[in-house]
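These notes are about the structure you will find just below.
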Amino acid sequence: MLTRRGWLTLAGSAGTTLVAVSSWWVGGVPIWFRTNQPGVLSWLPPHSGVAITVYLAGLALLLGAWLALGRYVLAAAQQIELRPLIAAWAAPMLISMPMGRDLWVYLAHGWLVQSGFDPYRDSPAVLDSAIRSEVSARWLHMPSPYGPLWIETARLGGVLTDPHFVVGTFLLRLPVYAALLVLSWLVYVLAGRFGLRGDRAVWLALANPLAVLLTVGGHNDLVLAALAVGGVTVAVRRGGTWPDLVAGSALIGLAALIKFPALIALAFVVPIWLTARGTGRPVGLVVKAVAAAVGGGLASAGLVTALSGLGIGWVRQASADNSIVNWQSLPTLAGMSVNAVRLGVHHATALNDTIRFWRSVGSLAAAVILLALWYFALRRLRITDCFALLGIGFVVAIVFGQTFQPWYLCWALPFLALGVSSAVGIGLIVTLSLFEMLVTLPDGRGLEDRLWALPALAVAVLGAWWLLRSIPRDGDADDAGPGVRADRGADLRSDQLPH
């Protein structure tokens, strides 16, 4: 007889299996599949109604399993082990077609290095290789914005699978899947260190379909998150010693060699470390902690950059991905609104000087907000506040960035899940996650600018409402298991879920 957790494991795995199978017709398939589908794939045309139906059925099953798991975890009195469940849910994505075309881009950037080009000056258009035809138009003439650590990973994937680049897309899934498993362990460790419920954070952040389906299916953002969370975990492992701060910061420095925004975690590791120490915050101590964190991060980033031989061109290219005009980027939305008034609705998405101006304003606003959040974190005495502020900092960088992609949220989710305990906070995260999954197609395109966004938002709100309304309201936090702090009297009526 299967337990409740067993049934949920089976349901979520069935959902991702259906998604993985359907992705061979509706995902980021190789270009030549359109005219020369091999074997059984020729039974259905690309983007066939049958394949789309299978995909939607799998997505619905996974989303439903995630919500049901949330109901189970949030109502449980004791900690629940979720790591095998997450491993099972994500495993089918290892054999899916890419969810989007980023995996092809990663391989092309790696092949640029292997072919003797500079990925931060040259674009995939210079390649004389089959991988060139798989790169989407917006990336074909754009140098890489990814750090040397990921470029070298992609280069290795391309070398091992050349000329079979389809196999390379499977190989590059392995470090992302490993990052998901490592993250699920780290979050339990970090939560346990401060008496928090790790299973609730793991459910909210890592059983999240954004991580299980979208990111394992085709993006590298979980690798950044694993290094950032690992760095914070190391920094506080013995209550906050100086060597631990330096070592943790070094891991975060490596995260920045995946994508530049990881440096936000390098700033916030200081208030988190100070809070873990439980001491005062004199200016001298803060300055020394900042110096130690910056020194550790720069040392690891500099060493790996030097060993790669790629130089620091990745810093210049960090904001290169600016061709997408998406209203979920707030400064882009401001520019679109001005365009709509001045040029007409049909020209609202024109990438012109107006949108570029507002994006510059957005970058300045993000810097000011991040500085304010960091200052607030320095003044907080609760570790959950520091985690929440770090997560919010990542969200600020995402929504004030030049472009918005739903998988970017995986940078913030582990920290938000550790720091947020209110019903409102959890409801917002669930609503946003469901909405992004419902408006993102399996080939990576978004429907957020279509009429479908309105019913998708309604479904997301109803899903979050059902989840929170279905949780018992009589409070059971006093029965928390070993190593878990009981927050007496906390329940949904006070807008707080027990830790």
Side-chain angles (χ1 to χ4, degrees), residues 1-15 61-90 180-181 183-212 229 383-384 387-388 413-431 433-434 463-499:
M1 177 70 71
L2 283 174
T3 64
R4 186 176 184 182
R5 181 172 50 186
W7 280 111
L8 290 171
T9 302
L10 186 61
S13 300
L61 193 53
L62 178 62
L63 297 181
W66 183 55
L67 291 175
L69 179 64
R71 177 180 178 178
Y72 174 42
V73 170
L74 292 174
Q78 295 185 329
Q79 187 124 243
I80 300 170
E81 176 57 71
L82 296 180
R83 282 168 286 196
L85 177 145
I86 290 174
W89 280 15
L180 178 67
L181 302 185
L183 270 169
S184 65
W185 171 69
L186 287 172
V187 169
Y188 272 106
V189 170
L190 194 54
R193 193 154 290 150
F194 298 103
L196 306 174
R197 282 288 296 264
D199 54 346
R200 293 176 181 179
V202 166
W203 159 72
L204 189 57
L206 304 177
N208 193 311
L210 285 174
V212 167
V229 174
I383 197 69
T384 51
F387 289 146
L413 283 174
F415 297 108
L416 289 175
L418 285 165
V420 172
S421 61
S422 70
V424 171
I426 291 175
L428 286 174
I429 294 172
V430 170
T431 299
S433 300
L434 292 175
W465 177 83
W466 174 83
L467 168 72
L468 296 175
R469 290 287 297 176
S470 63
I471 299 168
R473 291 173 175 246
D474 54 358
D476 52 15
D478 290 347
D479 297 324
V484 180
R485 186 188 66 233
D487 290 337
R488 297 181 181 275
D491 57 41
L492 282 175
R493 285 171 296 189
S494 63
D495 203 32
Q496 294 287 322
L497 291 170
H499 288 293

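The model shown is predicted, which means the values in this text are computed figures rather than measured ones.
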Minimum-distance pair of heavy atoms, taken over all atoms of [X] and [Y]:
X: Val187; Y: Ala201; value: CG1-CB, 3.6 Å
X: Gly427; Y: Ala464; value: O-CB, 3.7 Å
X: Leu434; Y: Gly463; value: CD1-CA, 4.1 Å
X: Gly198; Y: Ala191; value: CA-CB, 3.5 Å
X: Ser433; Y: Asn208; value: OG-ND2, 2.8 Å
X: Leu67; Y: Leu467; value: O-CD1, 3.3 Å

So do the side chains of [X] and [Y] get within less than 4.5 Å of each other, counting heavy atoms only?
X: Leu418; Y: Val229; value: no
X: Val212; Y: Leu206; value: no
X: Val73; Y: Val202; value: no

(request) Say whether, by atom type as modelled, one donor and one acceptor occur between the side chain of Ser184 and the main chain of Leu181 under 3.5 angstrom. (result)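 The answer is yes, because a donor-acceptor pair under 3.5 Å joins these two groups.
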(message) Quick one: does any side-chain atom of Arg5 pair with a main-chain N or O of Glu81 as donor and acceptor, under 3.5 Å?
(response)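 Yes.
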(message) For the residue pair Arg83 and Tyr188, would you count it as a cation-pi contact if the rule is NZ or CZ under 6.0 angstrom from the ring centre and within 45 degrees of the ring axis?
(response)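 Yes, a cation-pi geometry holds between Arg83 and Tyr188.
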(request) Check the pair Trp89 / Trp66 against ring-ring contact (aromatic ring centres under 6.0 Å, His included), numbers first and verdict last. (result) CA-CA 10 Å; Trp89 280 15; Trp66 183 55; 8.6 Å; no
What distance do [X] atom [atom1] and [Y] atom [atom2] have between them, rounded to the nearest 0.5 Å?
X: Leu468; Y: Ser422; atom1: CG; atom2: OG; result: 9.5 Å
X: Arg71; Y: Leu8; atom1: CZ; atom2: CG; result: 11.0 Å
X: Leu190; Y: Leu196; atom1: CG; atom2: CG; result: 8.0 Å
X: Leu69; Y: Leu62; atom1: CG; atom2: CG; result: 10.5 Å
X: Asp199; Y: Gln79; atom1: CG; atom2: CD; result: 4.5 Å

(message) Run Val430 and Leu204 through side chain to side chain contact (heavy atoms under 4.5 Å, CB included) and show every step you take.
(response) CA-CA 8 Å; Val430 170; Leu204 189 57; 3.9 Å; yes
(request) Report, as yes or no, whether the 6.0 Å neighbourhood of atom CH2 on Trp466 holds more than 12 heavy atoms from other residues, nucleotides or ligands. (result)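 For Trp466, atom CH2 is crowded (more than 12 foreign heavy atoms under 6.0 Å).
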(request) Hey, can you tell me if Phe387 and Phe194 have their rings parallel, tilted or perpendicular (30° and 60° cut-offs)? (result) perpendicular
(request) Please test Ile426 against Leu74 for side chain to side chain contact (heavy atoms under 4.5 Å, CB included), starting from the C-alpha separation and ending with a verdict. (result) CA-CA 10 Å; Ile426 291 175; Leu74 292 174; 4.3 Å; yes
(message) The test is side chain to side chain contact (heavy atoms under 4.5 Å, CB included); show your working for Thr9 and Leu2 and say whether it passes.
(response) CA-CA 10 Å; Thr9 302; Leu2 283 174; over 6 Å; no
